[in-house]
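Contents: one structure, followed by commentary.
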Amino acid sequence: MSDRRTKDQDADEPSTYAVGHCKPPLHTQFQKGQSGNPRGGSRAQSARRARALALEEAYRLVTVREGNKVTRLPAIQAMMRNQLALAVKGNGPAQRAMLAAIDAMEKELAAEAAAEEQAEAERGPINYLDGARRIAFLFREAYKEIGKPQPAKFGDQIAGLLAAETPKTESDAGDG
């Protein structure tokens, strides 16, 4: 151990402080009111890096031999095939794991479908003007696809329909 003299901030005289194992110099110690490693990354950053690394490894291509056929698959797909093969052979833990995974996926798909239905219900019906624009667009595209010119009267009718004031909902149509 070396004996270093360091100056105490409150006193004019230097004090004796032994620098050595588990006793770093005063200027490198944490300052009062400051905790942790200020230059280090957060736990959230390291967790994100770990997740990214795990996903990268899960989708890494591996070579799989099935009989005489050799294919390259993502590692996660090869693991799922192996787990399913074990479950089919009667391995109880593999069967439970596969059933739990499939059940979770089905619940997730059902929740997504319900959310889509809810969003569709909240959106409500389209108004007449938007419907007419969509129909006009479809007719123009159909005529382009078959290579025929669009009838002149048809264009006039659509333009007139789009220019006219139309009710926004079916309930408005019955009021006028």
| Set of residues satisfying side chain to side chain donor-acceptor pair (under 3.5 Å) with respect to Gln29, sequence neighbours excluded |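 Residues passing side chain to side chain donor-acceptor pair (under 3.5 Å) with Gln29: Tyr17.
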| query | For Arg123, which residues count as a side chain to side chain donor-acceptor pair (under 3.5 Å) partner, sequence neighbours excluded? | reply |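 If we apply the side chain to side chain donor-acceptor pair (under 3.5 Å) test to Arg123, skipping adjacent residues, the hits are Glu120.
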| query | Less than 4.5 Å apart, any side-chain heavy atom of Val19 and any of Pro24? | reply |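 Side chain of Val19 against side chain of Pro24, heavy atoms only: no contact under 4.5 Å found.
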| request: State, yes or no, whether a side-chain contact exists between Phe137 and Arg134 at a heavy-atom distance under 4.5 Å. | output: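 Side chain of Phe137 against side chain of Arg134, heavy atoms only: no contact under 4.5 Å found.
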| In the hydrophobic clustering that connects Ile, Leu, Val, Met, Phe, Trp and Tyr at side-chain heavy-atom distances below 4.5 Å, which members other than Leu73 occupy its cluster, ordered by chain and number? |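 Members besides Leu73, by chain and number: Val62, Val64.
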| task | Quick one: name the residues clustered hydrophobically with Leu55, using the 4.5 Å side-chain heavy-atom rule over I, L, V, M, F, W, Y, and just say none if it's on its own. | result |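 Grouped by the 4.5 Å side-chain rule, Tyr59, Ile76, Met79 form the rest of the cluster around Leu55.
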| Is there any side chain to side chain donor-acceptor pair (under 3.5 Å) pair reaching into residues 108-117, and which pairs are they, with sequence neighbours excluded? |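 Checked against side chain to side chain donor-acceptor pair (under 3.5 Å) - neighbours excluded - no pair reaches residues 108-117.
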| request: Can you run down the side chain to side chain donor-acceptor pair (under 3.5 Å) pairs that involve residues 72-82, sequence neighbours left out, and say none if there aren't any? | output: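 Every pair satisfying side chain to side chain donor-acceptor pair (under 3.5 Å) with a residue in residues 72-82: Thr63-Arg72, Glu66-Arg81.
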Sequence neighbours left out, what passes salt bridge (Lys or Arg N to Asp or Glu O under 4.0 Å) with [X]? Give chain and number order.
X      : value
Lys148 : none
Glu122 : none
Arg49  : none

| said: So which atom in Asp130 and which in Asn127 form the shortest heavy-atom distance, rounded to 0.1 Å? | reply: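 Smallest interatomic distance, heavy atoms only, reads N-OD1, 2.8 Å.
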| request: Using the salt bridge (Lys or Arg N to Asp or Glu O under 4.0 Å) rule, collect all pairs that involve residues 52-62, keeping only residues at least two apart or in two chains. | output: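 Sorted pair list: Glu57-Arg60.
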| said: Taking side-chain contact (heavy atoms from CB on, under 4.5 Å) as the definition, give me every residue that meets it alongside Ala110, ordered by chain and number, with sequence neighbours left out. | reply: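 Testing Ala110 for side-chain contact (heavy atoms from CB on, under 4.5 Å), a comparison that skips the adjacent residues, returns none.
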Can I get a per-line list of side-chain donor-acceptor pairs under 3.5 Å for residues 91-105, giving both atom names and the distance, sequence neighbours left out?
| residue | atom | partner | partner atom | Å |
| --- | --- | --- | --- | --- |
| Asn91 | OD1 | Ala94 | N | 3.3 |
| Gln95 | NE2 | Ala87 | O | 3.0 |
| Asp103 | OD2 | Lys107 | NZ | 3.4 |

